[in-house]
Amino acid sequence: MKKLVRFSLAALALLLAAQIPNVSLAADKKLEVFSWWTSGGEAAALDALFQATKKADPGVEIINATVAGGGGSAARPVLQARLAGGNPPDSWQTHPGWELLGQYVPANYCEPINDIYQSEGWDKVVPKDLIDLLTKDGKTYAVLAGVHRGNNLWYNKKVLEKNGIKVGDKMTFAEFFAAAEKLKAAGVTPLAVGDAGSWATAQLFENTLLGTVGPQGWTDLFTGKMAWDHPKVKRAAEVYGKMLAYQNADHSALIWYQAVKAVIEGKCAFTSMGDWTYGEFAKAKMKDNEDFGWVSHPGTDGGFIIVADGFTLAKGAPHRQEAITWLKVCGSRDAQEAFNSLKGSIPSRTDIDKSKFGPYHNWSMNSFAKDKLLPSCVHGAAASAGFRQAFNDAVATFVVDKNADRLVKALAQAAKEAEMAK
Ligand code: GAL
């Protein structure tokens with residue numbers, strides 16, 4: 001009898017669910033979010049978004065689908081297999097620009113979410129430049145939870161103080177190398193790199209490239225107006241090679257956040273990395289301007305390499321209604337304030353309360369407002385997936401052979417194959 005009652009209740013629930021669209025059964029009230037946020041700072045920030053979602057959607061069970069490794073290089077192939085196999089998560093982390101618009105949208109994996117932008121009033125509070133990076137043919141395909149700055153050089157303040165090194169508002173390569181020499185002589189490893197995933201050292205090269213060619217050169221390279229085997233690119237490779245001479249010996253065994261840990265522990269002095277690094281410092285209870293400091297990567301003052309994090313709505317999302325609530329939360333003011341304080345990025349909304357953020361975030365918000373905004377190649381915004389892969393591979397080869405001519409040749413060849421020239 002009991003069995004029968006249970007059965008008929010389940011049948012009734014199924015019947016109701018079938019008849020009322022967008023109402024999920026309690027047991028089916030799930031949400032699967034895919035990302036590569038597994039480091040201490042990343043996981044804490046992601047959890048802030050999840051907590052806000054649980055508040056907005058009581059009873060929702062969140063499936064936290066992550067693939068570790070950072071930068072997404074290990075996660076994206078897993079995601080791609082799921083998408084191609086018709087088994088999408090409800091929502092996944094993506095970078096604007098090429099990664100979203102050149103990869104996921106043409107493959108028909110995402111639903112446009114213009115109606116959410118309208119109902120939430122996001123068009124009025126998110127800069128148009130950012131919305132444009134998420135929009136194709138008038139359709140917007142993701143909401144940005146935050147905007148990272150990629151071209152930062154972070155340092156352990158106490159280590160530098162102990163060695164009599166002062167960093168000003170900006171830094172030249174000459175100043176970096178002078179500091180690195182001093183540190184090396186004192187037995188401190190100057191530069192921490194964790195390129196177990198080659199994207200992290202590719203990011204060091206990306207930052208050094210911007211520091212050498214400048215914002216205009218950057219734009220010219222990615223629009224085909226400047227050749228990738230230009231002498232300035234070769235110069236960037238040489239400077240990058242010189243920086244590598246100061247990196248930790250175990251760089252290829254470490255993930256990016258383990259390199260940050262070496263800075264936190266004072267084993268290394270500097271690391272060149274996007275401001276998800278801030279999340280690791282915050283998790284370790286390090287304080288802005290007391291325990292750690294930052295400056296634009298040498299030569300890149302005045303430029304802001306955008307590494308923004310968006311979330312999509314999967315076409316055929318298994319839990320569509322929950323996914324929509326999730327996206328609304330990601331774009332909301334409260335959740336963006338909580339999430340970005342922990343993640344290191346700045347909110348994509350401009351109507352947030354700046355006083356809720358500390359010195360680093362205010363510095364970054366100020367840079368975002370006044371500097372040249374440039375798309376990242378390593379993080380998928382500036383060029384196709386094919387070029388990004390070739391870029392990372394060419395840099396990985398350079399780490400071993402230090403051959404600048406070979407590097408620029410490989411980049412020029414990749415640009416040709418990607419038909420980068422307009
Ligand atoms: C980037 C991502 C950031 C951060 C970083 C390291 O691609 O946009 O949010 O997580 O990778 O994992």
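The model shown is predicted, which means the values in this text are computed figures rather than measured ones. The residues of the chain are indexed from 1 along the displayed sequence. Start at 1 and go down the list; that is how both ligands and their atoms are numbered.
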Mind checking what makes side-chain contact (heavy atoms from CB on, under 4.5 Å) contact with Ala74, not counting sequence neighbours?
-> Val67

Pairs in or reaching into residues 292-314: which pass salt bridge (Lys or Arg N to Asp or Glu O under 4.0 Å), with residues at least two apart or in two chains?
-> Lys170-Asp301

Please confirm whether Tyr360 and Trp154 have ring centers closer than 6.0 angstrom.
-> yes

Write down, by chain and number, every protein residue that brings a non-hydrogen atom to less than 4.0 Å from an atom of ligand 1.
-> Trp36, Trp37, Glu42, Gly70, Gly71, Gln93, His95, His148, Trp199, Trp256, Trp276, Val307, Asp309, Lys343, His379

side-chain hydrogen bond (donor to acceptor under 3.5 Å, both in side chains): pairs with one or both residues in residues 179-192, sequence neighbours excluded = Glu181-Tyr246

Kindly give the heavy-atom pair with the smallest separation between Gly41 and Glu280, and that separation in Å.
-> N-OE2, 2.9 Å

Hey, are Arg349 and Asp351 close enough for a salt bridge, meaning a charged N less than 4.0 Å from a carboxylate O?
-> yes

